[in-house]
Amino acid sequence: MTTKTETSSNSPVTSTITRRGFVKVGGALFVSFAMPAGFSALSIAEYQTSLDPSQLASWLEIRSDDTIVVRTGRTETGTGMSAYYAQTIAEELNVRPETITLILGDTDKTPDGGYSAGFLSGATNLRKVGAYTYQALFNLAATHLGVPASNLSVADGIISGGGKNISYGQLVQGQHLELKIPIEGSRTKVDPSAFTGVVGLDGFTVTGEPPMKPVGKYKIVGTSHPLPGIPDKVTGKTKWSCDVTLPGMLHARMIRPATLGSTLISVGMLDRKQFPTAEIVKKNNLVAVVSPNEWEAISAARAVASTTKWTDWAGLPGSENLTKAFRDHKWDAPQTRGKAVEVNAALASAVKTISAAYEQPYVRHAPIGPFVAVADVRSDGSVTVWTHSSQSQGLRARIAHTLNTPVEKVVVRWLDHSGQYGRTTFGGDGAESDAVILSQLAGKPVRVQWTLQEDLAWSSASPGWVADIKAGFDSSGRIAAIHSASYSPSQQDPRFLGAILAGMPTTPPGGGSWIATEWPYDKIQNRFEQAFGMPNIAADSSNGGLRGNIMRTPGQRQQNLVLEGLMNEAAAAVHADPIQFRLDHTTDQRLIDILNATAKAAGWEPRPYPQKTARKSGSTPLNGRGVSIMIRENAYWVGIAEISAIPDTGVVRVTQFTIGVECGKIINPRQLGLCMKSGVVMGLSETLKEEVTFDKSKVTSTNWDRYKILTMEEMPEIKIVQLSRDDKGFGGGSEGANAVCMPAVVAALFDATGVQPRRIPLTPAYMTTLLKA
Amino acid sequence: MASELTLSVNGAKQVVFAAPETPLLFVLRNELKLTGPRLGCGMAQCGSCSVLLDGEEIRSCVTPVSYAVGKKVITIEGLPEVWATEKHLSATDAANTLHPVQQAWIDEQVPQCGYCQSGMMIAAVQLLSKNANPTVAQIKDAFTNTPPSPHLCRCGTYSAIIDAVLRAAKAMKS
């Protein structure tokens, strides 16, 4: 049986359902994709390794027991995807989300690839998969029941009409049906010319326009479906990537170079009496101790490290000299956006201008669980890697590249682990390359567990930056033009440390920088933005220097501090209320609505800014408040900070934070609320405390006493405001919450003290220096 | 040198063969396959490896296994039984009942990545054993200022943890 399911009158692509045969027991409808034009059988085989190349991993299976399996290469990174994906597809299929089991991230069991940061494209895929499947089931039911499709309706997986009904499971009973749906795109591939070293980050995307349920009729999207993985995480049943054990597996601890640029002189001595089952494994500057016993690996690695000799190296500026190093650097041509000529003219003729320079040191992702990976590289060339990377297919492509092995030999299995906050989005960084190299050398499966010190010293980090911004006012006190220029090392170096140290192939580090701001002020027509990039600091060192990488709300987080910092400074310059000043510069009703709603929730009443009682000295606490906004991925964010600061000690406490978001249709209000609150914690942590420090040769902030993050006691009361609307699709609701914190707190300090901070983090040392200046 | 050590873990006697100075964490995870406690900092600075030792929270990443001999070790895998014993639940009820702290963690949807949450739940059980009715300020204080270090969560779930502790406190009183 082959029937074509017309998906919509104007769509050139269709889905095709085929009966591949009858089965005695069970039965299922498998939804996989039709091979795109120009796609060779070989490329499919590369994509789906361990399966029969003619039988792809299905995107979705409707089984005869009315259960549904959904597979996607995207993963749960702690932001709720596993709830949202189930809800999105359940909505299109008209089933309860509890009937859906998700299989995530394994390259040999999922069809699409794609990075876990890309929720919006992932959700679009799954909506379409659900919609195509729904149409196919509907047509099957019409034939089966002998009732015209127009007389059928579906509720909770049961199709009814003409006095008859049948469940999805009954419909596929005893059959093996296959629905092929159209796709485009490619798997993630290594491409040294790409700025992240790989292309195809989004994997395959579903094409065509199958009829989808109108948002106004949603019953499941918009409810607070729980995350399916939580009960097992709470009871200890979850198998995390750090829990993988294999027969004959060795535990490894790495011995890293003494500095960011050292090379190996000699490996230290391994005392065989003390550590009878430990072995040293090395390749160039990649040095490790392996043992069947984890504690022996740890103890022996410490002993060997203490006598291992490395060359000296001192090629870093020292973190206290970072801003000067940036100011002294000869920057390459920037990425630009906007109208340079008009902006220069408007600034020249402005009634008044203001300018400011902002800066932030390096910060890092700093998960609670350091990198870990298990690899099994066999003599037949097969490679299996157990990972918590956010980009399984990208990792797979990079591993194949490093080992110089065909990609179809590599399988990546994904498991839960610590959040990565962006550092594995491009499929790189991590312990996986250490693990595959050591497994290949040792001839056994190897588990590599980085230490916290190693993770805080050697993983990629979010680079420091400086920025200049200037605004000109017209005679009415409105901003007539803005010129901004940001300067930052690359945030696109996801290379494997292990491969660099071992001297094995990795993609070149990405260079350059990009303009990440989504412009929120449509009344400011004259704007000119520049983003200057440079390679890693100490890029020419043998170990790659300070590898820069993206981190939660990348680029925009930093640039938003500059733009919103300026907006607050500009409001003060013309004696305007900072919220009213923003309202005066936009006609975007979505921004106006969420700004007003959040201001109301925070109890914001207009008053002079900074307040009249502001002072820069004294031993009693001062209060202040500040605001910032951001538009990102179809979501509108507002943050309002209330702080308490003691000028004489420089101690700053955020006492209340109100955060508002309008991100189109809200999929899951509770999970969104949790992400908003936790995003505020991360954003305030960066605002108040975080700084990667380094001397001339190495990173020095290598434990939680030196790389400080926010504690529970430092968390303010957090209020959330959510606006959901049916007419703007889905927006990015999980990520951006952190990015409205920095400018709002900076503004609140200005409100309290009358002195303008322009550097993050707002530590007591910085604040006392600033206030005494 | 490795030696034979007898431990009491989650109410069961366990004989392990390990060097006495081996941190308890690695014995629990690698020998006893109790993977609830997880390695974080490895130096008692974060709390992700926390377990109860005779009812007191300890950091298993720095506690030698020999120190646990003769004491009762409880991990999150053993919390339901702790509660069942305390409440004298029947075997059938016990099989279907989580510790109220675990149930509260589910009801409040606390875990994001979840890596630190085993230690967070252990800290909550410890707090509620000493203060059955904590205020928000007391919860913040306990999770921040109890030696040897604050319990750290990088995802930023502190607010959900507070809600869950309050919920568990209520459930444990009823």
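Here the structure is a predicted model, which means the values were calculated and not measured. First the proteins, then the strands, lettered A, B, ... as listed; each starts at 1.
- Ranked by non-hydrogen atom pairs under 4.5 Å with chain B, the options A:Thr451, A:Thr79, A:Leu710 are led by A:Leu710.
- Figure legend: cation-pi geometry between A:Arg256 and A:Trp450, with NZ or CZ positioned under 6.0 Å from the six-membered ring centre and within 45° of its axis.
- The candidate from A:Cys242, A:Gly229, A:Pro231 with the greatest count of non-hydrogen atom pairs under 4.5 Å with chain B is A:Cys242.
- Using a 4.5 Å cut-off between heavy atoms, A:His365 contacts chain B through its backbone alone, with no side-chain atom that close.
- Contact annotation for A:Trp240: only side-chain heavy atoms (C-beta onward) come within less than 4.5 Å of a heavy atom of chain B.
- Both the backbone and the side chain of B:Asp141 come within contact range of chain A, each with at least one heavy atom under 4.5 Å from a heavy atom of that chain.
- Ranking A:Asp705, A:Thr238, A:Ile718 against chain B, the residue ahead of the rest is A:Asp705, based on heavy-atom pairs under 4.5 Å.
- Of the N and O atoms on the side chains of A:Arg552 and A:Ser462, not one donor lies less than 3.5 Å from an acceptor on the other residue.
- Put simply, the side chain of A:Lys677 never gets that close to the backbone of A:Leu674: no donor and acceptor are under 3.5 Å apart.
- For the pair A:Lys273 and A:Phe275, the NZ or CZ position fails the cation-pi test of under 6.0 Å to the six-membered ring centre and within 45 degrees of the ring normal.
- For B:Pro111, the parts lying under 4.5 angstrom from a heavy atom of chain A are both the backbone and the side chain.
- Checking A:Gln274 against A:Ser299 by side-chain atom types alone, no donor-acceptor pair falls below 3.5 Å.
- Options B:Ala19, B:Pro150, B:Gly36, B:Pro23 differ in how many heavy-atom pairs under 4.5 Å they form with chain A, and the most are formed by B:Pro23.
- Side-chain contact check for A:Ser82 and A:Glu76: at least one donor-acceptor pair (N or O, by modelled atom type) lies under 3.5 Å.
- Proximity to chain A is absent for every atom of B:Met120, based on heavy atoms less than 4.5 angstrom apart.
- Using a distance-only test at 3.5 Å, with no hydrogens or angles considered, a donor-acceptor pair links the side chain of A:Ser678 to the main chain of A:Cys675.
- Both the backbone and the side chain of B:Thr22 come within less than 4.5 Å of a heavy atom of chain A.
- Comparing A:Asp416, A:Asn703, A:Leu684 by heavy-atom pairs within less than 4.5 Å of chain B, the highest count is held by A:Asn703.
- Donor-acceptor pairing under 3.5 Å is lacking for the side chains of A:Glu686 and A:Asn738.
- If you measure heavy-atom distances from B:Leu39 to chain A, the contacts under 4.5 Å come from both the backbone and the side chain.
- Neither the backbone nor the side chain of B:Leu34 comes within less than 4.5 Å of any heavy atom in chain A.
- Among the candidates A:Glu690, A:Glu296, A:Glu714, the residue making the largest number of heavy-atom pairs closer than 4.5 Å to chain B is A:Glu690.
- Most heavy-atom pairs under 4.5 Å with chain B, from the set A:Pro367, A:Ala366, A:Gly419, A:Ser224: that is A:Ala366.
- Judged purely by distance below 3.5 Å, without hydrogens or angles, the side chains of A:Ser291 and A:Arg253 never pair a donor atom with an acceptor atom.
- For B:Gln45, the parts sitting under 4.5 Å from any heavy atom of chain A are the backbone and the side chain alike.
- By number of non-hydrogen pairs under 4.5 angstrom with chain A, the leading residue of B:His99, B:Arg29, B:Glu108 is B:Arg29.
- A side-chain donor from one of B:Glu57 and B:Ser50 sits under 3.5 Å from a side-chain acceptor of the other.
- Relative to the ring axis of A:Tyr421, A:Arg364 does not place its NZ or CZ within 45° and under 6.0 Å from the centre.
- Neither the backbone nor the side chain of A:Ser734 comes within contact range of chain B; no heavy atom of the residue lies under 4.5 Å from a heavy atom of that chain.
- With hydrogens and angles left out, the side-chain atoms of A:Ser390 and A:Thr424 include a donor and acceptor closer than 3.5 Å.
- With chain A as the partner, the residue from B:His151, B:Gln103, B:Met43 showing the most heavy-atom pairs under 4.5 Å is B:Met43.
- Neither side chain, B:Glu77 nor B:Asn10, offers a donor N or O lying under 3.5 Å from an acceptor on the other.
- Looking at A:Val234, the atoms closer than 4.5 Å to chain B (heavy atoms on both sides) sit in the backbone and in the side chain alike.
- Between B:Ile139 atom CD1 and B:Leu166 atom CG the span is 4.0 Å, to the nearest 0.5 Å.
- Residue contact with chain B, scored on non-hydrogen atoms closer than 4.5 Å, involves the side chain of A:Gln449 exclusively.
- Contacts of A:Gln671 with chain B are made by side-chain atoms alone, with heavy-atom separations under 4.5 Å and no backbone atom involved.
- Of the residues considered (B:Gly114, B:Ser48, B:Ser149), B:Gly114 shows the highest number of contacts with chain A, using heavy-atom pairs under 4.5 Å.
- Chain A forms the most heavy-atom pairs under 4.5 Å with one residue out of B:Gln109, B:Met121, B:Lys140, and that residue is B:Gln109.
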